[in-house]
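All values reported here derive from a predicted model rather than from experimental measurement. Below, chains carry the letters A, B, ... as their sequence lines are ordered, and counting in each starts from 1.
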2 protein chains.
Amino acid sequence: MAGDTPSTALPKVAANYASLTPLGFLERAATVYGSRTSVVYGDVKYTWAETYERCRRMASALLKHGLSPGDIVSVVAPNVPSIYEAHFGVPMAGMVLNAINIRLDARMIAFFLEHSRTRALIVDEEFFPLIDEALAILGSRFTIPLLVIAEEGTGCLDRHIFAAALARGAVEYETFLSSGDPRFQWAPPADEWDTIALGYTSGTTSSPKGVLLSHRGAYIASLSNLLVWEVPIGAVYLWTLPMFHCNGWCYSWAMAAHAGTNICLRHVNARSIYSAIKAHNITHFSAAPVVLNMLINSPSSERPRISHTIHVMTAGAAPPAIVLSKMEEQGFKVTHTYGLTETFGPIAICAWKPEWDHLPVEERARLNSRQGVRYTGLEGLDVVDLKTMAPVPADGTTLGEVVMRGNMVMKGYLNNAEATEESFQGGWYHSGDIGVKHPDGYMEIKDRAKDIIISGGENISSLQVESALYRHPGILEASVVARPDKRWGETPCAFVTPNGDALLTETEVIQFCRQELPHYMVPRSVVFGPLPKTATGKIQKNVLRKKAKELGSLSKTPQSRL
Amino acid sequence: MAGDTPSTALPKVAANYASLTPLGFLERAATVYGSRTSVVYGDVKYTWAETYERCRRMASALLKHGLSPGDIVSVVAPNVPSIYEAHFGVPMAGMVLNAINIRLDARMIAFFLEHSRTRALIVDEEFFPLIDEALAILGSRFTIPLLVIAEEGTGCLDRHIFAAALARGAVEYETFLSSGDPRFQWAPPADEWDTIALGYTSGTTSSPKGVLLSHRGAYIASLSNLLVWEVPIGAVYLWTLPMFHCNGWCYSWAMAAHAGTNICLRHVNARSIYSAIKAHNITHFSAAPVVLNMLINSPSSERPRISHTIHVMTAGAAPPAIVLSKMEEQGFKVTHTYGLTETFGPIAICAWKPEWDHLPVEERARLNSRQGVRYTGLEGLDVVDLKTMAPVPADGTTLGEVVMRGNMVMKGYLNNAEATEESFQGGWYHSGDIGVKHPDGYMEIKDRAKDIIISGGENISSLQVESALYRHPGILEASVVARPDKRWGETPCAFVTPNGDALLTETEVIQFCRQELPHYMVPRSVVFGPLPKTATGKIQKNVLRKKAKELGSLSKTPQSRL
């Protein structure tokens with residue numbers, strides 16, 4: 001070790017070393033800010049002292065019910081207190097939290113439960129019928145020893161299946177917590193590399209993978225999220241982003257580090273968001289672009305007067321200029337980030353510079369549409385040649401794969417050594433996203449590797465075509481995929497949702513694109529209608545691709561370039 | 001590992017694990033905020049890109065000059081760019097930075113150089129005569145292979161001894177940097193437990209100890225310092241706190257993490273501070289209470305109009321109400337922290353609560369005089385019984401030793417296994433400070449263990465007596481130590497510096513204390529005059545104790561309690 005001759009080697013001891021874990025944030029919040037509000041859900045309100053006590057009860061109850069450290073505890077719930085508490089209670093028992101996407105179907109959920117060898121399942125009442133169905137699919141092939149059902153008084157609970165479940169040994173959530181010790185002496189993980197959470201990639205792909213995250217990474221990701229977004233102590237955070245989505249980008253744990261207030265929201269829509277903003281003086285929230293669209297397109301009668309700046313972190317797609325300016329008009333400051341389930345949520349941020357403040361909105365949108373630079377807690381982020389892995393020049397045009405490495409990258413995939421190894425090739429995690437590096441060092445995603453359209457040997461970024469489409473005032477949403485083409489291999493096929501009562505024709509859209517794009521990038525066909533989306537609001541390009549394939553086989557071979 | 005059956009164990013690999021080190025903050029600042037100002041010193045101004053280049057040159061030059069990773073590089077400099085650059089340049093070469101207190105004498109510095117086996121020494125021109133003297137003391141017994149002298153153009157440099165040094169092989173700082181590679185490929189430490197810095201305790205004690213700090217701890221301490229103080233990205237930090245003092249409480253590294261601007265200051269006094277505030281729009285600085293005193297007692301003609309809040313972090317003693325209110329009037333917001341060289345600087349903070357904002361100033365001062373709660377990055381802070389190590393009750397009165405444990409505690413002392421082991425007894429680092437825990441969980445230091453006065457079997461906190469003295473409007477500074485006493489064992493002896501032209505008598509001071517304190521705590525004797533201080537502004541109680549001992553042997557035995 002540097003500076004230590006053998007005679008002075010100084011080992012790690014209890015006094016000077018502790019496993020990094022976000023769990024200590026909760027104990028600190030309870031000690032320092034015990035009487036401050038931790039969680040609000042409708043009329044339910046907890047303090048940090050109470051949340052700490054409830055989480056200790058959960059950890060204790062899990063062990064009392066026969067589970068062991070290392071066991072997987074799955075949770076199926078929207079953004080209600082039980083899923084927040086599980087983020088601490090489960091790992092405080094040394095167990096691993098698996099928060100499952102509530103928008104999946106019973107078959108997929110059954111697959112996750114079995115694949116993860118789930119030993120306890122905590123379910124919100126609204127989703128118990130779904131779980132009942134999933135458990136029926138599993139039948140006697142795979143049984144879960146402990147089932148906890150949270151009755152939240154929404155009236156969603158089907159009393160018959162609830163009673164039947166209780167008869168079979170299920171436990172009601174509050175009864176379950178009551179059985180635990182509020183003074184339970186939890187311990188940090190013996191090794192900070194131990195797993196704190198498992199999360200399945202939401203994937204538009206057919207084979208979801210289970211991402212394993214360490215306590216160490218969760219600690220660093222939580223603190224980084226506070227630092228890069230300059231979140232103040234005592235922030236009021238609205239849970240629009242699902243907590244089952246990369247553990248709420250680690251803001252679940254981060255809010256405890258800063259003793260913020262978590263405003264829970266069962267149903268995310270413009271009305272519920274604006275109503276929460278009005279009631280709770282929200283300072284921060286994170287949301288997919290689809291939520292921002294929802295907000296700016298909601299009736300103005302629903303919008304409260306916002307007298308302070310509300311910070312919004314978005315990821316998943318670049319915010320278009322129109323969205324950005326409309327959000328700004330309403331008092332929202334939008335921060336654009338980028339990340340993956342494999343990276344604890346965001347690891348890149350379009351770090352805003354004060355010198356950009358006074359640029360025209362289109363220019364600001366252009367700058368803010370970039371995914372930016374690495375988080376403080378990530379050690380490496382680059383765009384590299386797909387074959388050689390050499391960094392691409394910072395010219396804003398050369399395409400390469402976005403890769404990252406360091407403490408904010410997952411441990412690997414559960415029971416999938418092949419996929420783990422493949423994703424870590426060459427000492428970097430391979431995102432599968434295609435991007436460029438700008439001269440100022442900011443990275444910009446151009447496409448998913450699999451979304452690139454190859455037409456007559458030319459690479460076409462589907463995102464670039466989509467950006468052009470979004471500039472049309474009559475277009476609310478747009479997505480572009482490859483359509484098989486006998487002559488060109490592939491051509492761009494656009495799927496478009498008109499804005500409100502806008503009337504559009506295929507010719508009109510194509511004409512518009514001709515003004516905006518090089519000819520070879522212009523879509524050859526346009527399909528109108530609502531875009532299919534995944535549970536997390538991502539457009540399902542696989543569904544669109546299927547449709548485009550059908551179109552490709554129907555249409556005649558084009559004779560010439562448009 | 002939790003959640004991983006042997007078949008799915010996922011090892012740390014290059015893609016998902018990196019040693020924690022603050023060095024990456026500099027690379028990130030240079031990449032993201034390359035053109036932003038990093039360091040300002042008089043007319044000298046660098047950008048983050050330039051600072052990164054200069055630090056890479058330093059690392060490269062150290063290796064080119066024959067040094068090896070693990071070697072100790074000592075720096076003797078005030079807060080000028082060279083010492084800032086050494087905080088990155090030295091560890092980027094895998095070496096260990098030892099920043100030496102410039103206010104020490106040549107004999108002490110000679111001792112540190114030899115004890116640390118220093119292999120390279122970087123010296124600011126103002127302190128080169130001092131070093132020349134130290135090297136003469138060492139003579140041929142211990143020689144340092146590389147001597148680098150920074151000529152800063154202050155005119156301080158003695159041309160004769162400078163020329164002589166160059167003739168003996170010393171190198172001028174800028175020439176030295178020029179010899180290094182600006183694109184040097186540095187690497188993070190192989191093990192994050194490797195030592196980044198060595199710092200000698202400034203100690204009022206006779207045997208200074210060399211504190212070894214790890215890269216991991218420096219990373220966590222840097223980020224914690226930003227979080228607990230809510231330092232914004234791009235803060236403008238004035239270097240009033242010496243960088244040789246616990247590496248500037250890790251703000252040296254932290255400023256790079258947030259791409260702030262470091263305003264360097266060779267001489268710290270009210271005039272230079274106010275002038276920097278005026279010139280650079282300072283947002284933050286850290287300073288010992290003696291500096292705050294200097295500011296509020298400076299002529300009002302020297303004070304600029306401050307139109308924004310300036311955040312001041314102080315440690316070493318509680319800010320008295322009068323200091324707090326005068327600082328507030330001028331636009332400073334004072335945050336009270338507590339820490340030690342052994343804990344990377346501050347590890348406790350009197351975390352301010354908004355609900356305290358509207359209390360009267362005396363009440364706010366009382367709350368803010370407490371050392372508070374643990375930093376986000378420290379895992380444990382408690383006050384424990386000196387014998388049993390059981391936590392004392394949170395009653396605000398039971399005295400115990402302040403102990404801490406976790407990632408912000410040093411690795412140990414250099415070549416002093418005995419002192420290391422003793423300080424880590426029972427799994428905690430023993431601060432030697434005596435404190436209480438208040439009902440709200442906030443800790444308050446009452447005294448150094450060795451400063452407690454035991455009179456007739458009663459423990460008297462010298463700090464408590466000092467607080468009473470500070471409430472007297474005619475007293476500028478006060479310190480209380482034990483005076484040996486034949487009857488009572490010890491009695492309190494007060495040392496007092498009158499405020500401005502205030503006239504005070506011993507009887508007056510004792511009478512005042514009788515109104516403020518229980519009788520047994522009232523000083524039996526009062527000595528007037530300036531208080532002797534260490535280089536870092538700490539009052540030298542050992543000097544006062546010697547004086548009190550003389551008084552004790554002169555005086556008659558008191559016949560009764562006052």
- Item | Heavy-atom proximity to chain B below 4.5 Å, by part of A/Tyr17 | both

- If you tally heavy-atom pairs under 4.5 Å against chain A, which of B/Glu355, B/Glu230, B/Lys353 wins? B/Glu230

- Query: Side chain, backbone, both or neither: which part of A/Val228 has an atom under 4.5 Å from a heavy atom of chain B?
  - Reply: both

- Under 4.5 Å to a heavy atom of chain A? For B/Glu342 that would be neither

- Task: Check whether any side-chain heavy atom of B/Lys12 sits under 4.5 Å from a side-chain heavy atom of A/Ser214, and report yes or no.
- Result: no

- Bottom line for A/Met408: the part with an atom under 4.5 Å from chain B's heavy atoms is neither

- Message: Please classify the contact of A/His258 with chain B as side chain, backbone, both or neither, using a heavy-atom distance under 4.5 Å.
- Response: side chain

- Note on the structure: Under 4.5 Å to a heavy atom of chain B? For A/Gln425 that would be neither

- Message: Is B/Leu20 in contact with chain A via its backbone, its side chain, both, or neither, using a 4.5 Å heavy-atom distance?
- Response: both

- Counting heavy-atom pairs under 4.5 Å to chain A, which of B/Arg216, B/Arg36, B/His430 comes out on top? B/Arg216

- Minimal heavy-atom distance between A/Ala15 and B/Phe424, with the atoms involved, is CB-CD2, 3.6 Å

- Query: Any salt bridge between A/Glu379 and B/Arg28, counting N to O under 4.0 Å?
  - Reply: no

- Query: Does any heavy atom of chain A fall under 4.5 Å from the side chain of B/Glu192, the backbone, both, or neither of them?
  - Reply: side chain

- Message: Quick check: do A/Trp428 and B/Asn16 have side-chain heavy atoms less than 4.5 Å from each other?
- Response: no

- Item | Exercise: identify the closest heavy-atom pair between B/Ala18 and A/Gly406 | CB-CA, 4.3 Å

- Winner by heavy-atom pair count (cut-off under 4.5 Å) against chain B, out of A/Arg117, A/Met404, A/His215, A/Glu27: A/Glu27

- Considering only heavy atoms, which portion of B/Val13 lies under 4.5 Å from any heavy atom of chain A: side chain, backbone, both, or neither? side chain

- Note on the structure: If one checks every heavy atom of B/Pro189 against chain A at 4.5 Å, the contacting part turns out to be neither

- Message: Could you go through A/Val373 and B/Thr31, starting from their C-alpha distance and side-chain angles, then the distance that decides it, and tell me whether this counts as side chain to side chain contact (heavy atoms under 4.5 Å, CB included)?
- Response: CA-CA 8 Å; A/Val373 293; B/Thr31 306; 5.5 Å; no

- Message: Give me the atom names and distance for the closest heavy-atom approach of B/Pro11 to A/Trp193.
- Response: O-CZ2, 3.8 Å

- side-chain contact (heavy atoms from CB on, under 4.5 Å), paired with A/Thr376, selected from B/Leu226, B/Leu223, B/Ile233, B/Val32: B/Leu223

